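For reference, the structure discussed in these notes is given below.
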Amino acid sequence: MGTEVDWPRDRGWSWVVLVATMATCFLEMGVYKSFGIYINAYLEEFNTSVTVASLISGIFSVTFCFTALPLTAFGTDKFGCRPLVMFGGFALFLGYLLSSLATGIGVVMLAQGVIGAMGSAATHSPSIIILGRYFDKRRGFANGIAIAAGSLGGFATPIIFTKLMEEYSIRGALLLQSAILLNIVLAASFFRPTELTAKFANYDKMKNNRKKLNGNVKPEIIDEEFSNGSLLLGDTPNGVELNQEGNGFISNSLNSIERICIKEISTPRLSHLRKTAAIEHGDSASTASQFSSVHSLMSPSIADIHFASTVQQADDEKEASKKSCTSTFFKIMDIRMLKNKLVLLFTFIFCFGSVGTCLGMIFVAPLARDKNLTKDEIAITTALVSGSEFIFRIVLGFVADMNIVERYRIVQVSLFGTGAMLFLIPLLESFWHFTIFSVLYGFFSGPLISMYSPVCIDFVGIERFHRVMGILISFQGILLGAIGPAVGALRDLYGSYVQAYQLMASVTLLGATLFFFVPCLRKQVPTTETVIE
């Protein structure tokens with residue numbers, strides 16, 4: 001009878017993986033949060049309209065969402081996390097390298113909007129997934145630290161890139177930025193596959209046990225069996241086993257040796273999760289709460305889809321292995337879930353809220369440029385949004401897990417605050433006005449990004465979580481891809497960003513208002529109801 005064991009977690013090589021994930025998040029998320037700085041640079045370099053320049057962000061949003069979905073659903077299992085992140089780092093390097101050589105804005109759209117988006121998708125999700133495989137008890141802490149590094153990247157990158165532009169021009173800065181992004185490939189090299197880590201851990205254990213062999217078995221046997229992959233945790237070399245006192249070995253046949261197999265799973269053992277949930281809460285609803293606390297500091301990574309779908313597949317591995325990729329894809333993005341009124345409502349809320357929280361940040365730098373702020377002041381203004389978001393995310397993680405108020409109420413208040421801040425755009429005239437705005441905007445815009453995963457779990461339950469996530473990510477990409485260029489068109493039409501920000505504020509406030517319908521719909525569609533079988 002085989003016994004399943006896992007690789008070492010929360011110790012040893014896990015901390016190396018955490019540092020490497022922090023590096024990938026710092027670099028990849030840093031360039032995304034600096035998109036407004038790049039738009040300003042392209043406006044000056046190519047003398048183009050804001051509408052055309054903003055198309056880059058629209059193309060990026062659509063490409064990222066629809067690339068991240070299949071990569072997370074299939075790519076990580078088929079190719080592994082390390083090759084995907086290496087590919088992502090190289091794609092980002094190539095995208096920014098081509099942007100530095102571009103002779104027109106169309107080349108930048110292809111390089112940064114398509115190739116760069118594919119690189120970001122291949123980098124972000126697999127990095128979070130491999131981190132989750134190496135951490136169990138400290139997963140919430142590890143994810144929080146990794147995503148916090150991304151916020152720090154958003155704080156540092158605008159300032160660094162602006163200084164590089166002053167010293168080497170836009171093309172030189174993009175060239176150096178591409179070289180910096182190539183370090184993602186180096187960081188990804190530390191994403192050792194978990195089965196290999198298990199082998200190393202087992203090999204070290206067996207080498208420590210050599211002294212107990214009392215000369216009955218040659219050390220070369222251990223090396224040979226390890227290289228063949230037959231020596232696993234808990235095994236003894238062929239033909240020997242410990243006696244009851246543990247002070248020697250006796251000959252025996254292989255049939256008497258219990259062979260322990262290592263099964264690679266990307267989440268903690270389900271038995272452990274269920275046992276923990278039962279002890280702490282005692283019901284199925286509390287299982288969602290447990291997962292929510294894990295994700296309370298996480299970014300809206302599509303890795304959540306991988307997490308939830310893997311949990312379900314582990315319940316019936318044989319049945320899942322027989323399903324085709326197409327059926328698996330439609331299970332991740334099951335449009336039929338929109339028949340659930342609560343899911344439909346939250347889809348509108350999430351997409352509308354993303355307009356103000358995501359696009360509002362991107363166009364802060366172009367807005368500051370219109371107000372004649374210096375390049376250094378624009379960089380500081382952009383950086384302060386990420387800095388404020390970083391601090392509030394840490395505080396939010398503790399507040400959300402205290403269960404003082406329901407999580408969706410926190411998101412609702414944050415969306416009202418975000419919409420109100422965006423309506424104050426006409427009042428911004430000086431650098432100090434922008435400084436105060438950036439701090440408050442970062443404060444209010446963070447909760448939707450951090451908490452939409454646990455809120456979604458609270459609404460639909462962990463069992464159907466992965467089905468809804470595919471819908472949310474896809475519709476978000478489509479809407480942001482459409483609204484981004486529309487913001488640029490409104491700026492060119494009216495000569496100001498006021499109307500564009502009023503549009504974003506109105507859509508965001510609409511999303512916040514829709515939260516008032518949640519209690520009513522919860523009575524009609526309980527979380528435990530099986531909507532789609």
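If you read the sequence from its start, that first residue is 1, and numbering goes on from there. Remember, it's a predicted structure, so these values are computed and weren't measured experimentally.
In this model, no donor atom of one side chain and acceptor atom of the other lie less than 3.5 Å apart for Glu28 and Thr123.
Using cut-offs of 30° and 60° for the angle between ring planes, the Phe437 and Tyr441 rings count as parallel. Taking the six-membered ring where the residue is Trp, Phe161 and Tyr38 present perpendicular rings, their angle passing 60° and hence far from 30°. Using a 30° and 60° split on the angle between ring planes, Phe60 and Phe64 fall in the parallel class, below 30°.
Aromatic rings from Phe350 and Phe475 are positioned such that their centres are separated by 6.0 Å or more. Proximity of the aromatic rings of Phe459 and Tyr408 is defined here by a centroid distance below 6.0 angstrom, and this criterion is met.
Here the OG-CD1 distance, from Ser54 to Ile59, works out to 9.5 Å after rounding to the nearest 0.5 Å. In this structure, SG on Cys456 lies 12.5 Å from CZ on Arg407, to the nearest 0.5 angstrom. For the atom pair NE2 (His124) and CD1 (Ile184), the distance works out to 12.0 Å, reported to the nearest 0.5 Å. The CG atom of Leu131 sits 4.5 Å away from atom OG1 of Thr21, with the distance rounded to the nearest 0.5 Å.
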Validation: residues 357-370 side-chain donor-acceptor distances under 3.5 Å, sequence neighbours left out:
residue, atom, partner, partner atom, Å
Thr357, OG1, Gly353, O, 3.0
Asp370, OD1, Arg491, NH2, 3.4
Asp370, OD2, Arg491, NE, 2.7
Asp370, OD2, Arg491, NH2, 3.4

Please list every donor-acceptor pair under 3.5 Å in which a side-chain atom of residues 144-153 meets a protein atom from a residue at least two apart or in another chain.
none

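Contacts of Ala383 classified as side-chain contact (heavy atoms from CB on, under 4.5 Å), with partners at least two apart in sequence or in another chain: Phe155, Ile159.
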Requested in this report: Evaluate the side chain to side chain contact (heavy atoms under 4.5 Å, CB included) criterion for residues Ser354 and Leu448: first the C-alpha distance (whole Å), next the side-chain angles of each, then the deciding distance (0.1 Å), finally the verdict.
Outcome: CA-CA 8 Å; Ser354 297; Leu448 178 67; 4.1 Å; yes
Query raised in the report: What's the verdict on side chain to side chain contact (heavy atoms under 4.5 Å, CB included) for Thr381 and Phe431, showing C-alpha distance, side-chain angles and the deciding distance?
Result: CA-CA 8 Å; Thr381 298; Phe431 170 66; 4.0 Å; yes
Query raised in the report: Where do Phe517 and Lys341 land on the side chain to side chain contact (heavy atoms under 4.5 Å, CB included) test, with the steps shown first?
Result: CA-CA 10 Å; Phe517 294 94; Lys341 296 179 181 179; over 6 Å; no
Query raised in the report: Would Ile128 and Cys25 count as a side chain to side chain contact (heavy atoms under 4.5 Å, CB included) if you check the C-alpha gap in whole Å, the side-chain angles of each, and the deciding distance to 0.1 Å?
Result: CA-CA 9 Å; Ile128 300 300; Cys25 288; 4.3 Å; yes
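With hydrogens and angles disregarded, no donor-acceptor distance shorter than 3.5 Å links the side chain of Ser414 to the backbone of Pro447. Checked by atom type and distance alone, the side chain of Thr51 pairs as donor or acceptor with a backbone atom of Ala489 at under 3.5 Å.
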